[in-house]
Amino acid sequence: MPGRLVIRLGAAAALMAGPAGADPGLAACRAMAEDAARLACYDALPVAGQGRAFHGKGSGVTEPFEVSAPVEMHFDSDDAVMVLYLLDDQGRVVRNLHRGGAGAGRHLIEEPGRYHLQVNATGGWTIRLDPP
């Protein structure tokens, strides 16, 4: 964990010197006056080159996640049925995705926003969010 913090802070420091409008997430963090809130904001930013992953078995809902640039969602199912609902921050269905049988699929999320996923599956599953 300390290594990740150093990498994140190093990446954030390097980007702070970058051009205006480089990343709205960094700008929001930089604007926070309280040290603890600002650090928590920087810690929540994705590290360049690393995606986010969700794992589970059966049905469930993922934690919310932010998309500021296009991201490719890869999903894998270990069993007969997997239905994914990409939901916006209001809970509205943005995309309905199906996987029949064990295997993999993918979907490009192009629009910036705050999302979460509702997963209905009969077995184990993994979802990864990676740069395209």
Side-chain angles (χ1 to χ4, degrees):
M1 181 72 159
R4 285 179 40 173
L5 178 61
V6 169
I7 292 169
R8 284 184 178 164
L9 289 177
L15 288 173
M16 278 188 217
D23 185 335
L26 284 174
C29 294
R30 199 176 307 126
M32 293 182 173
E34 185 184 327
D35 291 344
R38 187 173 52 254
L39 180 58
C41 181
Y42 282 125
D43 283 348
L45 292 174
V47 176
Q50 291 183 345
R52 186 157 182 193
F54 304 99
H55 309 277
K57 186 172 184 177
S59 298
V61 177
T62 67
E63 296 175 11
F65 56 91
E66 294 282 338
V67 171
S68 58
V71 68
E72 192 155 67
M73 179 174 65
H74 299 268
F75 50 95
D76 299 291
S77 174
D78 295 341
D79 206 359
V81 176
M82 179 182 193
V83 178
L84 295 172
Y85 298 99
L86 177 63
L87 306 169
D88 67 13
D89 61 345
Q90 301 298 311
R92 294 179 296 237
V93 176
V94 174
R95 186 74 170 169
N96 184 350
L97 302 155
H98 301 265
R99 175 76 217 157
R106 65 183 183 162
H107 173 71
L108 182 64
I109 303 172
E110 298 182 80
E111 294 295 319
R114 184 171 174 85
Y115 299 96
H116 62 279
L117 295 161
Q118 179 180 329
V119 181
N120 298 327
T122 56
W125 49 267
T126 300
I127 301 166
R128 290 184 334 276
L129 303 174
D130 296 312

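This chain uses plain numbering: 1 for the first residue, then up along the sequence. Computed over heavy atoms, backbone and side chain alike; hydrogens, waters and symmetry mates excluded.
Closest approach of Pro132 to Pro70, counting heavy atoms only: CD-O, 3.2 Å. In terms of heavy atoms, Ser59 sits closest to Ala121 at OG-N, 3.6 Å. Contact record, Ser77 with Arg99: CB-CG, 3.9 Å, taken as the closest heavy-atom pair.
Checked against Phe54 for a side-chain contact (heavy atoms from CB on, under 4.5 Å), the options Val61, Val119, Leu129 give a single hit: Leu129.
For the atom pair Asp88 CG and Glu111 CD, the distance stands at 11.5 Å (nearest 0.5 Å). Note that CG of Asp89 is 9.0 Å distant from OH of Tyr115, once rounded to the nearest 0.5 Å. Taking CD1 from Ile127 and NE2 from His107, the interatomic distance works out to 12.0 Å, rounded to the nearest 0.5 Å.
Under the 4.5 Å side-chain heavy-atom criterion for Ile, Leu, Val, Met, Phe, Trp and Tyr, Leu117 and Leu97 are members of the same hydrophobic cluster. Under the 4.5 Å side-chain contact rule for hydrophobic residues, Phe75 and Val81 do not share a cluster. No chain of hydrophobic side-chain contacts below 4.5 Å, direct or via other Ile, Leu, Val, Met, Phe, Trp or Tyr residues, connects Trp125 to Leu87. No path of Ile, Leu, Val, Met, Phe, Trp and Tyr side chains, each step under 4.5 Å between heavy atoms, connects Tyr85 with Val67, placing them in separate hydrophobic clusters.
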Report task. Take Leu86 and Val93, measure what side chain to side chain contact (heavy atoms under 4.5 Å, CB included) needs, and give me the verdict at the end. Result -> CA-CA 6 Å; Leu86 177 63; Val93 176; over 6 Å; no
Query raised in the report: Given the rule in the side chain to side chain contact (heavy atoms under 4.5 Å, CB included) test, do Arg95 and Met73 qualify, once you have shown the distances and angles that lead to the verdict?
Result: CA-CA 12 Å; Arg95 186 74 170 169; Met73 179 174 65; over 6 Å; no
Requested in this report: List the steps and the verdict of side chain to side chain contact (heavy atoms under 4.5 Å, CB included) for Arg106 and Asp130.
Outcome: CA-CA 11 Å; Arg106 65 183 183 162; Asp130 296 312; over 6 Å; no
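No donor-acceptor contact under 3.5 angstrom links the side chains of Asp76 and His74, judged on distance only.
Between the Arg38 side chain and the Arg30 main chain, no donor and acceptor come within less than 3.5 Å of each other. Thr122 places no side-chain N or O within donor-acceptor distance of the main-chain N or O of Asp79, the cut-off being under 3.5 Å.
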